[in-house]
Undergrad: 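The structure follows.
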Amino acid sequence: YSKKNKIIFIKLEPYIFDSKSSWFDLVKKEGVIRSSHPLFPNWTQTIDLTKSEDELLKNMKSKTRYNIRLAERKGVVVKEDNSLAGFNVFKKLYFETCRRQNYKGHNDYYHKIIWEEMKKAKISHILIAYYKKTPLAAYHLFSFKDTLYYPYGGSSSKLRNLMATNLIMWRSILLGKKLKNKVFDLWGSLPPNYNDINSWSGFTRFKKGYGTQFKELIGSFDIVVNPVQYYLFYNPTYKIRQKLLNLR
């Protein structure tokens, strides 16, 4: 298929944590190489949703528990809204966050396709945290098999003292339990020994407050279909692309 369609390589990033997995034996003969340009972080943080609500709260950092209760006392309310209107609220907050954090996220078209297809498959869930009628935070969550995933989220720069992001994460955990998921994957993290200088340290620290477990995936791999274009074209242009994104 790749040769027919002039594809240079196939990228594989398996959802596998065990480095001794038989997956390596399966693809080794296909010329798989470890990629120097991963799409997603190798590390993630997970929460065991089989625990009771009391256990989950107990495992959190005290500051995280305090912020959840503060948001509730101040009148922040979290609602699930999987309609087009709900998606548009999420999208607005997501791109606002991308601009604020200087994060090179996906474009509008990508997110709309993801939402439409995941919604058809009953995988997509959008949660929105409101103060009165003002949306302060929104998550696009995926529920698949026994796992709830948190790949995309956004928040407003307004009323940050109301701690809406803390409450929406807690409501996401409760949604996972309601959907009978066993694991909540918070999707993307620095490793446990991260330092606060890294731009991802804030995301990592926020997630860690919920009593998570750090887990390392086996990484990113490429099946090289066209070696000449891969080594002479893809690798150099990837570096140029990263520089252009930074300029943007």
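Note that the structure is a prediction, hence the values are computed from the model and not measured. All residue numbers in this chain count up from 1 along the given sequence.
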Undergrad: So do Tyr150 and Met169 actually touch side chain to side chain, heavy atoms under 4.5 Å?
TA: yes
Undergrad: Looking at every heavy atom in both Val78 and Leu127, which two are closest together, and how far apart are they?
TA: CG1-CB, 4.2 Å
Undergrad: State whether the number of non-hydrogen atoms from other residues, nucleotides or ligands found under 6.0 Å of Lys178 atom NZ is greater than 12.
TA: no
Undergrad: Check the pair Phe206 / Leu186 against side-chain contact (heavy atoms from CB on, under 4.5 Å), numbers first and verdict last.
TA: CA-CA 11 Å; Phe206 174 77; Leu186 276 63; over 6 Å; no
Undergrad: If you compare all heavy atoms of Lys58 against all heavy atoms of Arg65, which two are closest, and at what distance to 0.1 Å?
TA: O-NH1, 3.4 Å
Undergrad: Going from CG on Leu174 to CG on Leu49, what distance comes out if it is rounded to the nearest 0.5 angstrom?
TA: 9.5 Å
Undergrad: May I have the list of side-chain donor-acceptor pairs in residues 133-147 shorter than 3.5 Å, sequence neighbours left out?
TA:
residue, atom, partner, partner atom, Å
His140, NE2, Ser124, OG, 2.7
Ser143, OG, Asn181, OD1, 3.3
Ser143, OG, Asn181, ND2, 3.3

Undergrad: To the nearest 0.5 Å, tell me how far Leu12 CG sits from Ile223 CD1.
TA: 4.5 Å
Undergrad: Mind checking the CG-CG spacing from Leu167 to Asn67? Nearest 0.5 Å is all I need.
TA: 10.5 Å
Undergrad: State plainly whether one hydrophobic cluster holds both Tyr152 and Leu39, where clusters connect Ile, Leu, Val, Met, Phe, Trp and Tyr through side-chain heavy atoms under 4.5 angstrom apart.
TA: yes
Undergrad: Taking all atoms of both residues into account, what is the closest heavy-atom pair of Ile10 and Ser2, and its distance?
TA: CD1-OG, 3.4 Å
Undergrad: Using the benzene-type ring in the case of Trp, are the ring centres of Tyr103 and Phe203 under 6.0 Å apart?
TA: no
Undergrad: Any idea which heavy atoms bring Met60 and Thr64 closest together, and the distance?
TA: SD-CG2, 4.0 Å
Undergrad: Return a table of donor-acceptor pairs under 3.5 angstrom between the side chains of residues 88-97 and protein atoms on other chains or two or more places apart.
TA:
residue, atom, partner, partner atom, Å
Asn88, ND2, Leu84, O, 3.3
Lys91, NZ, Asp108, OD2, 2.8
Glu96, OE2, Ser157, N, 3.1
Thr97, OG1, Leu93, O, 2.8
Thr97, OG1, Ser155, N, 2.8
Thr97, OG1, Ser155, O, 3.1

Undergrad: May I have the step-by-step check of side-chain contact (heavy atoms from CB on, under 4.5 Å) for Thr44 and Lys215, ending in yes or no?
TA: CA-CA 5 Å; Thr44 186; Lys215 289 188 177 180; 4.2 Å; yes
Undergrad: Do the side chains of Phe233 and Tyr230 join up, straight or via other hydrophobic residues, at under 4.5 Å, putting them in one cluster?
TA: yes
Undergrad: If you measure from CZ on Arg34 to CG on Asp222, what distance do you get to the nearest 0.5 Å?
TA: 11.0 Å
Undergrad: Any side-chain to backbone donor/acceptor pair from Glu216 onto Asn42? Under 3.5 Å, distance only.
TA: no
Undergrad: When you look at OH of Tyr131, are more than 12 heavy atoms from neighbouring residues, nucleotides or ligands closer to it than 6.0 Å?
TA: no
Undergrad: Would you give the length of the straight line joining atom CD1 of Ile126 to atom NZ of Lys119, rounded to the nearest 0.5 angstrom?
TA: 8.5 Å
Undergrad: Tracing side-chain links under 4.5 Å among I, L, V, M, F, W and Y, which residues wind up in one group with Tyr109?
TA: Ile113
Undergrad: Indicate yes or no: at least one non-hydrogen side-chain atom of His111 is less than 4.5 angstrom from one of Phe87.
TA: yes
Undergrad: Find out whether Ser201 and Leu190 are in side-chain contact, i.e. whether some heavy atom of one side chain is under 4.5 Å from a heavy atom of the other.
TA: yes
Undergrad: Quick one about Ser35 and Lys11 (side-chain donor to acceptor, distance below 3.5 Å, no hydrogens or angles considered), yes or no?
TA: yes
Undergrad: Restricting to pairs with a member in residues 35-60, which pass ring-ring contact (aromatic ring centres under 6.0 Å, His included), not counting sequence neighbours?
TA: His37-Tyr234, His37-Tyr238, Phe40-Trp187
Undergrad: Grab the two heavy atoms, one from Ser189 and one from Pro41, that are nearest each other, plus how far apart they are.
TA: O-CB, 4.0 Å
Undergrad: Evaluate whether atom CZ of Phe17 has more than 12 neighbouring non-hydrogen atoms of other residues, nucleotides or ligands under 6.0 angstrom away.
TA: yes
Undergrad: Keeping the roles fixed (side chain from Lys177, backbone from Lys51), state whether a donor-acceptor pair exists under 3.5 Å.
TA: yes
Undergrad: Set out, in order, the CA-CA distance, both residues' side-chain angles and the distance that settles side-chain contact (heavy atoms from CB on, under 4.5 Å) for His125 and Asn82, then state yes or no.
TA: CA-CA 6 Å; His125 297 269; Asn82 298 312; 4.2 Å; yes
Undergrad: Which heavy atom in Ser156 sits nearest to a heavy atom in Arg100, and how many Å separate them?
TA: C-NH1, 3.9 Å
Undergrad: Applying salt bridge (charged side-chain N to carboxylate O under 4.0 Å, His left out), can you list everything that pairs with Arg171, at least two apart in sequence or on another chain?
TA: Glu72
Undergrad: What distance do Phe184 atom CZ and Leu179 atom CG have between them, rounded to the nearest 0.5 Å?
TA: 11.0 Å
Undergrad: Verify, without hydrogens or angle tests, whether Lys207 (side chain) and Gly188 (backbone) share a donor-acceptor contact under 3.5 angstrom.
TA: yes
Undergrad: With sequence neighbours excluded, tell me which residues meet salt bridge (charged side-chain N to carboxylate O under 4.0 Å, His left out) with Lys112.
TA: Glu116
Undergrad: For residues Glu117 and Ile123, determine if any side-chain heavy atom of one lies less than 4.5 Å from a side-chain heavy atom of the other.
TA: no
Undergrad: Check step by step if side-chain contact (heavy atoms from CB on, under 4.5 Å) holds for Val183 and Tyr149.
TA: CA-CA 9 Å; Val183 178; Tyr149 299 91; over 6 Å; no
Undergrad: Does the side chain of Trp170 reach to within under 4.5 Å of the side chain of Leu57, using non-hydrogen atoms?
TA: yes
Undergrad: Out of curiosity, does Ile68 fall in the hydrophobic cluster containing Ile173 (side-chain heavy atoms, cut-off under 4.5 Å, transitive links)?
TA: yes
